[in-house]
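In what follows, residues are counted from 1 in the order of the sequence shown.
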Amino acid sequence: MAFGRSSRTKPFVEPVTLKILVAGGFGVGKTTLVGAVSEIRPLRTEEILSEAGRPVDDLHGVENKTTTTVAMDFGRITLREDLVLYLFGTPGQDRFWFLWDELAQGALGAIVLADTRRLEDSFAAIDYFERRGIPFTVAVNCFEGAQRFPAETVRGALDLDPEVELVMCDARDRESVKNVLVAVVQHALVLADQGTPVAT
């Protein structure tokens with residue numbers, strides 16, 4: 001009879017991986033959000049803003065911004081042992097919109113990051129996801145010094161459908177971003193349970 005330690009280990013669980021897009025206007029905090037929550041060093045495709053881009057890059061409200069995402073940001077977070085999210089941050093400028101269709105393929109859902117100082121910059125992303133049937137949650141990035149508005153006021157200004165969740169967040173704070181990610185995953189799963197077709 002052999003004596004010794006039992007080799008009881010938890011069986012390996014192959015995690016489910018889900019793709020989430022992080023979208024929104026120029027300078028709204030998408031790169032910051034991905035970097036704040038990613039458990040790996042995020043992939044960033046940031047370039048310095050140039051004089052050549054000055055005529056097409058609207059820096060109103062983000063005058064101190066010196067870089068911009070030209071392709072995507074990528075990060076990963078494990079929410080549970082069996083659930084991993086891959087985060088793809090989209091570029092914010094109109095001239096890079098041709099990348100969105102590629103990035104959106106296979107996405108479970110999306111976060112539309114909004115800035116109350118420039119809410120109009122959110123309309124294009126909201127419209128994009130509504131047209132394609134991709135579930136999304138609006139996350140209002142609460143910038144320092146920006147005026148705070150009640151969630152219902154922001155919801156009305158964005159003309160969101162009742163089923164679209166709106167949350168306040170700080171894109172620099174890991175726990176705040178995790179709460180946003182949980183909200184978008186839960187929203188997408190509720191729609192799937194209701195039989196609402198989710199684009200992939």
Side-chain angles (χ1 to χ4, degrees), residues 19-34 46 49 53-65 67-73 87-105 107-171 176-177 179-181 183-188 190-191 196-200:
K19 181 178 184 179
I20 303 293
L21 293 183
V22 180
F26 178 60
V28 78
K30 299 176 296 293
T31 299
T32 301
L33 184 144
V34 171
E46 291 226 309
L49 290 170
R54 195 167 296 280
V56 292
D57 295 332
D58 181 7
L59 294 177
H60 178 70
V62 287
E63 290 83 5
N64 294 329
K65 186 168 176 57
T67 61
T68 187
T69 300
V70 296
M72 68 174 190
D73 298 311
L87 309 176
F88 289 81
T90 63
Q93 293 124 301
D94 294 349
R95 68 178 186 262
F96 297 120
W97 272 66
F98 66 92
L99 295 169
W100 282 46
D101 287 336
E102 292 295 323
L103 291 173
Q105 287 187 12
L108 172 77
I111 297 165
V112 175
L113 201 56
D115 178 352
T116 57
R117 299 169 300 181
R118 297 175 293 123
L119 272 184
E120 66 278 4
D121 292 352
S122 305
F123 291 129
I126 290 169
D127 185 54
Y128 180 88
F129 296 120
E130 284 179 343
R131 284 191 195 182
R132 285 159 182 80
I134 298 173
F136 66 96
T137 295
V138 174
V140 177
N141 193 3
C142 299
F143 285 90
E144 287 180 34
Q147 187 174 350
R148 304 291 167 100
F149 297 94
E152 286 309 309
T153 302
V154 177
R155 172 180 289 286
L158 292 173
D159 193 27
L160 296 176
D161 291 337
E163 70 275 3
V164 175
E165 188 161 356
L166 182 135
V167 296
M168 302 296 174
C169 77
D170 181 342
S176 181
V177 174
N179 290 336
V180 174
L181 292 170
V184 73
V185 170
Q186 287 177 337
H187 176 60
V190 165
L191 291 178
T196 304
V198 175
T200 56

Here the gap from E165 atom CD to Q186 atom CD, rounded to the nearest 0.5 Å, amounts to 7.5 Å
Which value, rounded to the nearest 0.5 Å, describes the distance between T32 atom OG1 and D73 atom CG? 9.0 Å
Approximate separation, where rounding is to 0.5 Å, of H187 NE2 and L108 CG: 10.0 Å
Between CD1 on residue I134 and CG on residue L191, distance to nearest 0.5 Å: 12.5 Å
Separation between CG of D115 and CD of E120, rounded to the nearest 0.5 Å: 9.0 Å
What residues, two or more places apart in sequence or in another chain, satisfy side chain to side chain contact (heavy atoms under 4.5 Å, CB included) together with V184? I20, I111, T137
Taking every heavy atom of V112 against every heavy atom of A125, the minimum-distance pair comes out as CG1-CB, 4.0 Å
Does any N or O in the side chain of N141 come within less than 3.5 Å of the main-chain N or O of L113, such that one atom is a donor and the other an acceptor? no
Does K30 use its side chain to pair, donor to acceptor, with the backbone of F88 at less than 3.5 Å? no
Apply side-chain hydrogen bond (donor to acceptor under 3.5 Å, both in side chains) to D127 and list each qualifying residue two or more places apart in sequence or on a separate chain. R131
Would you say Y128's side chain and A23's backbone share a donor-acceptor pair under 3.5 angstrom? no
Let me have the donor-acceptor pairs involving side chains of residues 153-162, under 3.5 Å, with sequence neighbours excluded, atom names and distances please.
from : atom 1 : to   : atom 2 : distance (Å)
R155 : NH1    : D161 : O      : 3.2
R155 : NH1    : V164 : O      : 3.0
R155 : NH2    : V164 : O      : 2.6

In terms of heavy-atom contacts, A171 and V177 come closest through O-CG2, 3.7 Å
Run the numbers on V140 and T116 for side chain to side chain contact (heavy atoms under 4.5 Å, CB included), then give the verdict. CA-CA 7 Å; V140 177; T116 57; 3.6 Å; yes
Taking ring-ring contact (aromatic ring centres under 6.0 Å, His included) as the test, write out the residues that go with F136, two or more places apart. none
Candidate pair F129 and L21, rule side chain to side chain contact (heavy atoms under 4.5 Å, CB included), full reasoning: CA-CA 10 Å; F129 296 120; L21 293 183; 3.7 Å; yes
Of all heavy-atom pairs linking A139 and C169, the shortest is CB-SG, 3.9 Å
Please confirm whether the backbone N or O of D101 pairs with a side-chain atom of R132, one donor and one acceptor, at under 3.5 Å? no
G27 to R118 - nearest heavy-atom pair and separation: O-NH2, 3.3 Å
Just verifying a value: how many Å separate Q105 CD and W100 CH2, rounded to the nearest 0.5 Å? 15.0 Å
